[in-house]
Amino acid sequence: MMNEKLLYTGLGLLGVMGPVIFPEYTLQIAMLWMMVLMASTWDITGGQMGYNSLGNITFFGVGMYVSASIQVSMFYDLAQYTASYGAIKPVFTETQYFGGLILGILAAGFSCVILSLIIGLAVFGLRGPYFAIGTLGVAVAAREIVTTMETVGGGAGISMPFLPLPIEQRSLFFYCLCFALAVAAHFTIRWMFSTQFGLAANAIRDDEDKAEAMGIPTLRYKQVGWAVAAFYMGCIGAVFGNISGYIEPQNIAFPLPTFGIFMVAMALLGGKGTLWGPVIGAILFHIVKETTWTYLLDWQYIVLGIVLIVNIVFFQQGIVGWLKTKYPEKFGILVDRSGNVSRGDA
Amino acid sequence: MSENLIEIKNVSKSFGGVKANVDISMSVKRGAITGIIGPNGCGKSTLFNSIVGYHPIDNGSITFEGNEISHLMVDEIARLGMLRTFQQTRIYGEMNCVDNMQISVSHRPDSKDSMFASRKGEIRERAEHLLEFVGLYSKRNLISGDLSFGQQKLLEFAMALMNEPKVLLLDEPTAGINPTLINGLIDRLRRANEELGITLCVIEHNMRVIMNLASHIYCLSNGKMLANGEPEKLQNDPRVIDAYLGGH
């Protein structure tokens, strides 16, 4: 395999030392881990199973709203709270805040698991582009439904409870949550794909009809894969809502044109269907995004668009995919280099 | 236990105006090798697809070990222990041979395999043993899509054996395989039947193969069951000769 030790050391150092060395970039690096999580969990169905979902952002938004609702409604009447448009200035004690936050994040994760299992029953009957459009439809529908729900503030959103810690510790606290979630997601995925699950996922990608003919309960595998993605997307959504401090459906909870597309773009850039592709893709993408944001503000989306087009037209296998075809031995892949098509020695 | 593993009674299937199968009845004996022959387009593959649940049948009944299966889905039927191979060989082309084998383990309720089972140990040994059985051991770590067509056919056969099915439906196992390899394949089919106790049902165009292999043969023509019987009897049946074998 690739030099994984080096990658783990490098990323581990960045994860632990990053906010210490560059304290002013703490939230930036937190966002980096969030993008790594998004791309990696997207890849479970998108890369490894060939089910390109454009709707994983649904779980991000639903998780965010579930968590916010729980955090607020544990101590206030949610409808009154949101109807006051921020006039109620809540004061949360530390126990109230952290209790609500932990409960909120967990509830976000598990409610997204249940949601993904239910939606999965419907959308996993679709294949190829129809699945992509179907899941996109789910995300758009979720966004519109939340926009009309008055209890959670409708289009006006919810002001989140404020973290009862000194301001300079705030970034670091959320940074730790993001990093921990990304690491947990990474190792969950790594473990899953080291078992028979990984082979079944790839079998579904290569030939789903054959997989069914061999008796693999394909729907169950697809649902489980998506549920794991939904769990982590729900959790990170809950955390992001608290970082943001204020949530609303259109741009923060269900950001289809940004994070919804970015997570796919990042996985494609790094190489979909690989463990490290989405991680590397997310890091590169985030760097390009933030650099252009800082130095080429008006050009940011043009640069990102060019990266995307070059990636899709000329470089479909992505960085890790390209390395895999170039140096297959490093990845433990054997290629018959003799070139002669042997006719079987049976 | 009944002697017939699969019982097909009066099965009909049409696609629009095309009557692919009309009133077909046949049975597959437990432990035996049953053959199906007939001209191209006579409905053999449609019959296979009906049996394994690819499409609903219009009427009739299909039972497996005495239980009606005509309403079940493809993967449910496969988990009962009835497996099919494809005329156009189908393998998982981007995975290597061992991985292809390992994911082909039985998914029946009684099997030890679970969703997150380890890939090492006994399962890997069995995969390698079966690859050796079909003569692909030296290719075990190659990406299966890079194998030749004949080798892919062998791999597909080995994958089916990995699943330990009760009955295996083979759709033209020797099509596109060179003559020397065919002998090896026949030998392996027979050994799978005798040593592993797998009941076989084979669609085949190669008369030398099927007449040698099968103990009972059904001949289809224009979607109807034309004749059936022992190979010798069928070879001399004027209707079969007329419709299929050619009267020269």
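Values below: every heavy atom of this structure, side chains too, minus hydrogens, waters and symmetry copies. None of the values given here were measured: they were computed from a predicted structure. Sequence lines set the chain letters: A, B, ... in the order given, protein chains first and strands last, and positions in each chain run from 1.
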inquiry  = Please check if the number of heavy atoms outside A:Phe187 that lie under 6.0 Å from its CZ is greater than 12.
reply    = yes
note = To the nearest 0.5 Å, atom CD of A:Gln196 lies from atom CZ of B:Phe116 at 11.5 Å
ask   = Is the backbone N or O of A:Lys210 less than 3.5 Å from a side-chain atom of B:Arg90, with the two atoms forming a donor-acceptor pair by type?
value = no
key: Portion of B:Val74 that has a non-hydrogen atom of chain A nearer than 4.5 angstrom   = both
ask   = Is atom NE2 of B:His55 surrounded by more than 12 heavy atoms (other residues, nucleotides or ligands) closer than 6.0 Å?
value = yes
key: Side-chain heavy atoms of B:Met73 within contact of A:Glu212, under 4.5 Å   = no
query = Who passes side chain to side chain donor-acceptor pair (under 3.5 Å) against B:Asn40, sequence neighbours left out?
reply = B:His205
ask   = Is any residue of residues 199-208 of chain A within less than 4.5 Å of chain B by heavy atoms, and which ones?
value = A:Leu199, A:Ala200, A:Asn202, A:Ala203, A:Arg205, A:Asp206, A:Asp207
inquiry  = Run the salt bridge (charged side-chain N to carboxylate O under 4.0 Å, His left out) test against B:Arg208 and tell me which residues pass, sequence neighbours left out.
reply    = none
Engaged part of B:Asp99 at the chain A interface, taking heavy atoms whose separation is under 4.5 Å = both
ask   = Side chains of A:Met214 and B:Leu83: does their closest heavy-atom pair fall under 4.5 Å?
value = yes
message = Between B:Asp75 (side chain only) and A:Ala213 (backbone N and O only), is there a donor and an acceptor less than 3.5 Å apart?
response = no
ask   = Using the ring of each side chain (for Trp, its six-membered ring), is B:His107 parallel, tilted or perpendicular to A:Tyr221, with breaks at 30° and 60°?
value = perpendicular
request  = Go through the structure and list residues passing ring pair (Phe, Tyr, Trp, His ring centres under 6.0 Å) with B:Phe64, not counting sequence neighbours.
outcome  = none
key: Flag if over 12 foreign heavy atoms under 6.0 Å of CD, B:Gln88   = no
ask   = Looking at A:Val224, A:Asp209, A:Thr195, which one has more heavy-atom pairs under 4.5 Å with chain B than the rest?
value = A:Thr195
Part of B:Ile91 lying under 4.5 Å from any heavy atom of chain A = backbone
task = Check the surroundings of atom CZ in B:Arg126: do more than 12 heavy atoms from other residues, nucleotides or ligands lie under 6.0 Å from it?
result = yes
Beyond-backbone contact of A:Pro217 with B:Met115, side-chain heavy atoms, under 4.5 angstrom = no
query = Is it the side chain or the backbone of B:Ser118 that comes within 4.5 Å of chain A heavy atoms, both, or neither?
reply = backbone
